[in-house]
Amino acid sequence: MKTIVTGGAGFLGSHLCDLLLEKGHEVICIDNLVTGNTRNIEHINSDSFTYLKHDITKPIYFGDKIDYIFHLASPASPIDYLELPIQTLKVGALGTYNMLGLAKEKKARFLLASTSEVYGDPLVNPQTEEYWGNVNPIGPRGVYDEAKRYAEAITMAYHRYHGIDTRIVRIFNTYGPRMRLNDGRVVPNFIGQALRGEDLTVYGDGSQTRSFCYVSDEIEGIYRLMMSEYSLPVNIGNPEEHTILEFAKIIIKMVGRGSKIVFKELPVDDPKQRRPDITKARELLGWEPKVSLEKGLKQTIGYFREILR
Ligand code: UDP
């Protein structure tokens with residue numbers, strides 16, 4: 001099985017490369033390193049692994065057969081896509097178009113990494129796949145949300161019009177080793193602050209909620225979806241919901257350096273609630289998260305502790 005992973009040197013992409021190699025795939029990892037880093041793949045020592053530095057908003061051609069394309073490439077943290085608005089829109093639109101073209105040419109199965117951001121600031125909780133979302137197209141987050149919504153639309157168009165075998169995973173907040181300490185997301189921010197003995201920056205009053213999935217669970221869900229026969233979107237995330245304030249307190253307690261909490265301005269259009277309904281993933285894939293928040297955070301804190309040494 002020859003398999004492409006776009007964004008393969010990123011946080012999720014690199015863990016997916018690891019799993020695919022374990023399952024016996026020949027893996028071609030494509031990344032332009034805008035937010036990815038070759039450090040995430042330098043541990044891979046396998047003849048079945050190839051890394052290509054390439055920007056998929058430009059077409060790419062392969063002579064050999066390709067069986068699967070996992071399309072993960074995109075800036076994905078709010079700070080990244082605020083800093084890289086055009087790249088985010090281009091990779092969601094042109095990058096997805098190019099990868100679907102490749103899937104069509106190679107008769108490969110294609111999986112789009114979509115996001116809970118397609119639900120925007122959701123008015124229903126938990127979010128089911130049938131919910132159409134509440135997205136501000138012209139707000140600062142719109143560059144990511146709309147790019148991913150377009151990516152879902154073109155994926156379904158290729159599926160319906162060209163008969164391409166496609167999958168769409170809607171990824172909810174995921175955390176674990178290989179996240180960038182400075183990617184601005186809540187998990188690296190809070191853990192980094194707590195480890196340095198600094199105050200934790202809670203945005204707004206901290207009453208907004210998120211549900212955090214450990215990376216190994218997320219990757220297993222994505223893999224199972226690719227191997228399933230289901231073409232409509234599936235939520236993969238952990239349904240255990242916490243307020244951000246609760247989450248800050250959990251991290252302060254686990255790191256144990258007596259940090260305090262300070263409140264900062266809430267970013268524009270920051271979703272007030274987020275929690276996946278994972279009924280579909282349970283029924284179709286027999287998947288549900290296994291790693292507890294405590295165990296996952298322990299691993300992640302250990303990883304960041306090493307980095308900050
Ligand atoms: N957040 C926070 N402090 C931080 C970073 C993030 O309170 O230092 C909040 C942010 O406002 C949001 C939640 O944590 O409500 C999750 O933010 P993140 O950037 O991780 O991802 P999002 O779920 O918003 O895409």
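One is the number of the first residue; the rest follow in order along the sequence. Only this structure's heavy atoms are used, side chains among them; waters, hydrogens and symmetry mates stay out. Atoms within each ligand, like the ligands themselves, are counted from 1 in listed order. Given the structure is predicted, the values throughout are model-derived calculations rather than measurements.
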* With heavy atoms of N173 as the reference, note each atom of ligand 1 found under 4.0 Å away. => 21 (O), 22 (P), 23 (O)

* Structure fact -> Heavy-atom proximity to atom 10 (C) of ligand 1 ranks first, among T201, D270, I79, for D270

* Structure fact -> Among non-hydrogen protein atoms, atom 5 (C) of ligand 1 lies closest to Y203 CE1, 3.3 Å

* Asked: Just checking, is any N or O donor in the side chain of T96 or H71 under 3.5 Å from an acceptor N or O on the other one?
  -> yes

* Touching ligand 1 at all, Q193? Heavy atoms, strictly under 4.0 Å? -> no

* Any salt bridge between K148 and E117, counting N to O under 4.0 Å? -> no

* **Carboxylate-amine/guanidinium proximity below 4.0 Å for D121 and K272** => yes

* Asked: Do Q87 and D55 get their side chains close enough for a donor-acceptor pair, meaning under 3.5 Å?
  -> no

* Structure fact -> Numbered in order shown, the ligand 1 atoms found under 4.0 Å of a heavy atom of E117 are 25 (O)

* Which protein non-hydrogen atom lies closest to atom 13 (C) of ligand 1, naming both residue and atom, and how far is it? -> I244 CD1, 3.6 Å

* Would you please determine whether P267 falls within less than 4.0 Å of ligand 1 on a heavy-atom basis? => yes

* With heavy atoms of R274 as the reference, note each atom of ligand 1 found under 4.0 Å away. => 22 (P), 23 (O), 25 (O)

* Asked: In terms of atom number and element, which parts of ligand 1 are under 4.0 angstrom from non-hydrogen atoms of V202?
  -> 7 (O)

* To do: Using a strict 4.0 Å cut-off to heavy atoms of N189, name the atoms of ligand 1 that fall inside it.
  => 4 (C), 5 (C), 8 (O)

* Asked: Tell me: protein heavy atom nearest atom 18 (P) of ligand 1, and distance?
  -> V186 N, 3.8 Å

* R210 and D270 ion-paired at < 4.0 Å -> yes

* What do you reckon, does K264 put a non-hydrogen atom under 4.0 Å from ligand 1? -> no

* Run down the list M179, R185, R141, R210 and name the one with the heavy atom closest to atom 25 (O) of ligand 1. => R141

* Asked: Does a donor on one side chain sit under 3.5 Å from an acceptor on the other, for S48 and E26?
  -> no

* Distance-only polar pair, side chains of R274 and N173, donor-acceptor under 3.5 Å -> yes

* Asked: Do the side chains of Y51 and I44 join up, straight or via other hydrophobic residues, at under 4.5 Å, putting them in one cluster?
  -> yes

* Should you measure from each heavy atom of Q208, which atoms of ligand 1 turn up under 4.0 Å away? -> 9 (C), 11 (O), 15 (O)

* S211-R275 side chain donor-acceptor pair, cut-off 3.5 Å -> no

* Answer with yes or no whether F247 contacts ligand 1, where contact means a heavy atom under 4.0 Å from a ligand atom. => no

* Any chance the side chains of N235 and Y119 put a donor and an acceptor closer than 3.5 Å? -> yes

